[in-house]
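Note that these values count all heavy atoms, side chains included, but never hydrogens, waters or copies made by symmetry. Remember, predicted model here, so these are calculated numbers, not experimental data.
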Amino acid sequence: MDIKQVINQVNRDDYVWKEDGDLLPQTTATEAIENGLRMLQVQKGQRVLEIGTGSGYSTALLANLVGTSGQVVSVDIDPELTKRANGRLSNYPHVTCVTRDGRTGYELNAPYDRIIAWTTPEYIPNSWKDQLKEDGIIVAPFRVLPIAGCMVTVQLKNVDGKLQGGLVSQEGYIMMTSEPVVNFFGHEIHADVTGTGDHPFWASSEWMKQLHSENWNKKFVQASPESSSFEESGMDIRPYLLGKYPDGFTFAFHPDHGYLIGYSSPEGFALLSYHYENKWMVSDKKHEDVLSSWWNDWVSNGKPSYDQLKPIVVGDRITVTLRGGE
Ligand SMILES: C[S@@+](CC[C@H](N)C(=O)[O-])C[C@H]1O[C@@H](n2cnc3c(N)ncnc32)[C@H](O)[C@@H]1O
């Protein structure tokens with residue numbers, strides 16, 4: 001059965017709603033689940049380890065994809081969630097939800113044909129490598145640069161005992177924790193500069209790790225978006241910048257103007273709105289010129305997107321590079 005068929009077959013409402021009628025905060029958007037499952041290439045009869053049970057909805061989809069000749073073990077750090085999911089998945093005898101830190105995998109049912117994580121480890125856990133079959137596939141989110149906002153989901157294949165990078169998609173998920181998650185922090189947990197107040201700004205760039213500039217922070221907070229000459233949004237150029245990691249690469253959040261991506265130095269910035277086309281925040285011509293040159297490179301390389309990124313395994317970390325050495 002293919003993924004679309006399974007999505008049509010499983011009633012999402014049976015999983016994602018709490019008793020009080022609110023959406024369970026640990027629920028993943030269906031489109032993101034679909035992308036992850038497509039990269040996982042699950043076959044009927046396979047044994048799958050899922051990390052991050054959450055609502056149990058993705059578990060139900062996996063259960064249908066492997067069929068009753070297969071098996072799904074789903075682990076979550078939160079005992080309330082695994083108990084809840086076991087209840088809702090009781091009509092799937094080939095599914096077990098277990099409370100466990102996903103970084104240790106689940107050796108009892110190993111080895112697995114597939115391992116999928118919906119929560120981000122700091123590095124590739126050894127247990128995942130040890131518990132994966134030869135030719136098996138891992139799909140998991142990783143931070144691919146030491147900058148906030150630089151998570152993607154990658155596909156890794158076990159080839160002759162070594163993990164090799166396959167596909168990349170844009171999705172990022174909450175960092176793995178050692179206790180049930182109570183605060184659903186976003187990218188700001190990796191920020192290099194954070195403002196104060198109820199709705200603080202934050203920013204992240206390599207130079208900010210060495211230098212603190214109150215002047216930069218003030219300039220950034222006071223800036224307003226202007227129209228840019230670019231037709232796309234910052235989200236479109238993101239994969240190219242992740243693959244290139246140009247000097248001064250910056251990800252930021254403005255309390256009034258949202259997420260921004262682009263170039264900064266201690267003297268200023270040129271940052272594209274992440275979600276809106278034609279919008280940027282620029283402090284001066286020098287920064288504008290640098291970002292424009294990145295933009296022109298992206299365009300002259302055919303506007304590469306996530307399908308042009310390749311994950312590279314470096315020790316226990318993942319980086320991404322542009323295919324074809326661009
Ligand atoms: C995005 S949610 C998963 C959503 C789920 N796939 C769904 O369809 O609803 C991420 C889950 O990872 C769990 N989590 C966080 N840290 C973990 C860890 N160290 N081990 C296992 N699960 C963890 C959280 O409790 C949360 O339920």
Side-chain angles (χ1 to χ4, degrees), residues 1-4 6-7 10 12 15 26-67 70-78 81-82 85 89 92 94-98 100-133 135-144 151-158 163-176 306 311 313 318:
M1 209 182 297
D2 89 342
I3 294 162
K4 276 271 185 243
V6 164
I7 286 174
V10 175
R12 185 172 182 265
Y15 299 91
Q26 291 90 343
T27 301
T28 301
T30 305
E31 197 187 332
I33 295 181
E34 192 178 337
N35 285 343
L37 294 182
R38 190 152 288 122
M39 287 162 85
L40 196 63
Q41 297 171 7
V42 189
Q43 315 283 321
K44 210 174 164 61
Q46 285 188 329
R47 192 179 292 180
V48 180
L49 173 64
E50 174 181 62
I51 293 151
T53 313
S55 67
Y57 174 58
S58 54
T59 323
L61 297 177
L62 283 166
N64 281 275
L65 286 168
V66 299
Q71 193 186 16
V72 179
V73 178
S74 184
V75 303
D76 202 290
I77 196 77
D78 190 333
L81 291 178
T82 47
L89 291 156
Y92 293 104
H94 59 302
V95 174
T96 321
C97 301
V98 186
R100 181 91 180 213
D101 189 326
R103 288 168 284 205
T104 59
Y106 192 67
E107 68 282 354
L108 218 60
N109 294 65
Y112 299 97
D113 298 285
R114 301 287 186 264
I115 298 177
I116 185 156
W118 310 104
T119 170
T120 312
E122 278 294 346
Y123 50 84
I124 313 168
N126 278 332
S127 66
W128 296 6
K129 289 184 253 177
D130 297 343
Q131 294 173 20
L132 185 66
K133 281 188 193 170
D135 294 328
I137 296 177
I138 296 175
V139 171
F142 289 97
R143 280 182 79 203
V144 293
M151 264 179 210
V152 291
T153 293
V154 307
Q155 179 198 53
L156 303 170
K157 291 188 185 178
N158 185 6
L163 292 180
Q164 285 188 4
L167 304 169
V168 177
S169 70
Q170 65 175 330
E171 289 81 22
Y173 296 94
I174 54 163
M175 293 304 292
M176 286 191 167
Y306 292 92
V313 181
I318 305 286

Would you sort out whether N64 and V10 count as a side chain to side chain contact (heavy atoms under 4.5 Å, CB included), showing the intermediate values? CA-CA 8 Å; N64 281 275; V10 175; 3.3 Å; yes

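- A donor-acceptor contact shorter than 3.5 Å is absent between the side chain of Q131 and the backbone of Y112.
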Under the side chain to side chain contact (heavy atoms under 4.5 Å, CB included) criterion, do V75 and L49 qualify, and how do the steps go? CA-CA 8 Å; V75 303; L49 173 64; 4.2 Å; yes

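- The heavy-atom pair separating M39 from S169 by the smallest distance is SD-OG, 3.5 Å.
- Of the residues listed (D76, I174, T28), the one engaging T119 in a side chain to side chain contact (heavy atoms under 4.5 Å, CB included) is I174, and it is the only one.
- Remark: R143 CZ to T120 OG1 distance equals 9.5 Å, nearest 0.5 Å.
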Can you check side chain to side chain contact (heavy atoms under 4.5 Å, CB included) on W128 and I51, steps first, answer last? CA-CA 10 Å; W128 296 6; I51 293 151; 3.5 Å; yes

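- Summarising the geometry of G36 relative to V139, their closest heavy-atom pair is O-CG1, 3.9 Å, with the distance given to 0.1 Å.
- Taken from OG1 in T153 to CD in Q170, the straight-line distance is 9.0 Å, to the nearest 0.5 Å.
- To the nearest 0.5 angstrom, S127 atom OG is 7.0 Å from I115 atom CD1.
- Residues D78 and Q26 are in side-chain contact: their nearest non-hydrogen atoms beyond the backbone lie under 4.5 Å apart.
- Side-chain contact, D113 with Q43: no donor N or O sits under 3.5 Å from an acceptor N or O.
- To the nearest 0.5 Å, the span separating CG on L89 from OG on S74 amounts to 8.0 Å.
- Panel note: side chain R47, backbone N109; a donor-acceptor pair is recorded below 3.5 Å.
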Given the rule in the side chain to side chain contact (heavy atoms under 4.5 Å, CB included) test, do I77 and M176 qualify, once you have shown the distances and angles that lead to the verdict? CA-CA 9 Å; I77 196 77; M176 286 191 167; over 6 Å; no

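- Counting heavy atoms from C-beta outward, L61 and I3 have side chains that stay 4.5 Å or more apart.
- Of the inter-residue distances, the one linking N158 atom CG with K129 atom NZ reads 10.5 Å to the nearest 0.5 angstrom.
- Here the side chains of T27 and Y57 are not in contact, with every heavy-atom distance at 4.5 Å or above.
- Using a 4.5 Å heavy-atom threshold, the side chains of L37 and V6 count as separate.
- Smallest separation of non-hydrogen atoms from G56 and A85: CA-CB, 4.3 Å.
- Here the side chains of E122 and R103 are not in contact, with every heavy-atom distance at 4.5 Å or above.
- I116 has its side chain out of reach of V42: every pair of non-hydrogen atoms, C-beta onward, lies at least 4.5 Å apart.
- Taking both residues in full, the closest heavy atoms of Q46 and Q41 are given as OE1-O, 4.0 Å, listed atom of the first, atom of the second, then distance.
- Salt bridge status for D2 with K4: absent, with no side-chain N to carboxylate O gap under 4.0 Å.
- T59 and E50 are linked by a side-chain donor-acceptor pair at a separation below 3.5 angstrom, with hydrogens and angles left out of the test.
- Rounding to the nearest 0.5 Å places NZ of K157 at 12.0 Å from CG of L132.
- The closest side-chain heavy-atom distance from F142 to P311 is not below 4.5 Å.
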